[in-house]
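Proteins get letters first, then strands, A, B, ... in listed order; numbering begins at 1 in each.
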Number of protein chains: 2
Amino acid sequence: MGHQPTDPYDILRSGLIWGRWKSGERLIPQYLTAELGCTSSVLREALIRLAGEGLIISEKNQGFRAITHSPETFRQAAHLRLVFEVEASQMSLKNADFEWELSLSAAYQKLAHVEKQMIETGNAEKYVRHWSLQDWEFHSTLLSACGSDLLLKTYKSAFDTFRMYAVSSIPNYGFGGEITAQEHRAIYEAAIKHDIAACIKAIETHLVLYKDGNRTNEPLPAKSSLQAAKKSPPPKKKKKI
Amino acid sequence: MGHQPTDPYDILRSGLIWGRWKSGERLIPQYLTAELGCTSSVLREALIRLAGEGLIISEKNQGFRAITHSPETFRQAAHLRLVFEVEASQMSLKNADFEWELSLSAAYQKLAHVEKQMIETGNAEKYVRHWSLQDWEFHSTLLSACGSDLLLKTYKSAFDTFRMYAVSSIPNYGFGGEITAQEHRAIYEAAIKHDIAACIKAIETHLVLYKDGNRTNEPLPAKSSLQAAKKSPPPKKKKKI
DNA sequence: ATTTATGCAACTTTCGAAAGTTGCTTGACA
DNA sequence: TGTCAAGCAACTTTCGAAAGTTGCATAAAT
């Protein structure tokens, strides 16, 4: 069994990505202590680090907020993903060794498996979080042999920003059924064949729809509440009647 | 008259970029308080934020260190710059309006002027810091009309990493005399003509040498000490004789 | 002579309280 | 009624001390 993270930084980071706090929402250290099991100072440090990473905005004397996203910021994140994936997949395919091919195959099989379940059961929502993790594993493995840790680190940051928006505002976090599965297959097969041109084309096909905003126009599904028990701020003092 | 920054974060950030602390050097909050005029807690926060940005490394119970760079990390930063500049300059040229052309011209004239001084006086060292600032202004202005704040922010981070290494390890921070001046002119002229292909080519010419490590092989000049007055750690206890 | 324990100094991290800031609410004054 | 200022509650930021950790120096054991 895996362990739940207990480090406030990890909890906050993953909470931000998976929609525990919404776009623009204030994060007040004082009211998170009970839930995260530490004092507000420790939370403050975690929030500052996340501000440095760009997941949180902090303005002097105004505390912390989750970054605000919009279709436009999503478009920018998708565009950055596209730029990185096109560049780094080329480099990866050039450096690729046998071990890399093994991990890419493993990542692809796991991704394809969950996508098959989502399509066959017709119950995509049930698997969508797992799918999102496998989607990350597949894309990051594809780029992992590019030879630049800096590029990979920067890519991760763009991917997380992309995912934050997808989780909060796109049906099934962007999983588009059979079409998405086909796109992943095209990327995988081109990569395994070391066909750089086909791989780039497949990546562009996969991401250009987000970049141009064409996959964000569908209606939002009803979202169930994700609220965990938390100490709430005291009710505001009422105006005298 | 401009003001010196007094915010510890700004002082640390600029100190890191301009070589006040060297690659891998420990930053111990306790010994920086006198110099930066605040308590170690405030310094800690600034250091954590810089860790989030990637300029500082922090490991649990091991405190903070300036990121360690090497020819390889420099190569990666140069490569990232190249990727961003090629992509964003295209977008900028497409969006370019009159105001953008004015700021690009202004930035270029200032850059060309300091480069001329460096070449004519033969005393590049005297101007190199100013040159580095103008170099940033020129390159960032070129990309400024690309329409993606996220791309610009990410580019800045790569540029800072690039510059950190250049300041510490490359003669004249990478200013290569007449050749560099010519390269900047080629970029500028292609941009003003909205000649995307020529602009990309000029950018590639400008950056590919760093990317491939060919401008880092020159001998290092003697570096004078930059040490400011600082409270030093107490001398280590001597071994008994 | 080497390995293994113990002590200690130098930091690092966490804590909780004090000081500072912001923006509402309310009450005084035009 | 409108506006302006004082008061206040809710945070945010800073502080300095307490607690915890690491790694070296020295001492003890094999």
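If you take CD of B:E45 and P of C:dT12, they are 16 Å apart, rounded to a whole angstrom. Rounding to whole angstrom units, CG of residue B:L27 and C1' of C:dC11 are separated by 14 Å. The distance between atom CG of A:L47 and atom C1' of D:dT12, rounded to the nearest whole Å, is 12 Å.
Listed candidates were C:dT12, D:dT13, C:dT13. Nearest to the side chain of A:F64 is D:dT13. Residue B:K60 places its side chain closer to C:dT14 than to any other of C:dT12, C:dT14, D:dC11. The side chain of B:C38 lies closest to D:dC15, out of C:dT12, D:dT14, D:dC15. Among the nucleotides C:dC11, D:dT12, D:dT13, the one closest to any side-chain atom of B:Y31 is C:dC11. Across C:dT12, D:dT14, D:dG16, the shortest atom-to-atom separation from the side chain of B:S41 is found for D:dG16. With distances taken from any side-chain atom of B:T39 to the nucleotides C:dT14, D:dT12, D:dC15, the minimum falls on D:dC15. Of the candidate nucleotides D:dC15, C:dT12, D:dC11, C:dT12 has the atom lying nearest to any side-chain atom of B:I28.
Put simply, A:R44 has no side-chain N or O that comes within less than 4.0 Å of OP1 or OP2 on D:dT12.
Applying the side chain to side chain contact (heavy atoms under 4.5 Å, CB included) test between B:L12 and each of B:L55, B:I56, B:L43 identifies B:L43 as the sole match.
The six-membered or imidazole ring of A:W136 lies near that of A:F159, with a centre-to-centre distance under 6.0 Å.
Under the 4.5 Å side-chain criterion, counting only non-hydrogen atoms from C-beta, B:L32 is in contact with B:W21.
Relative ring orientation between B:Y155 and B:F84 is described as perpendicular, the plane-to-plane angle rising above 60° on a 0-90° scale split at 30° and 60°.
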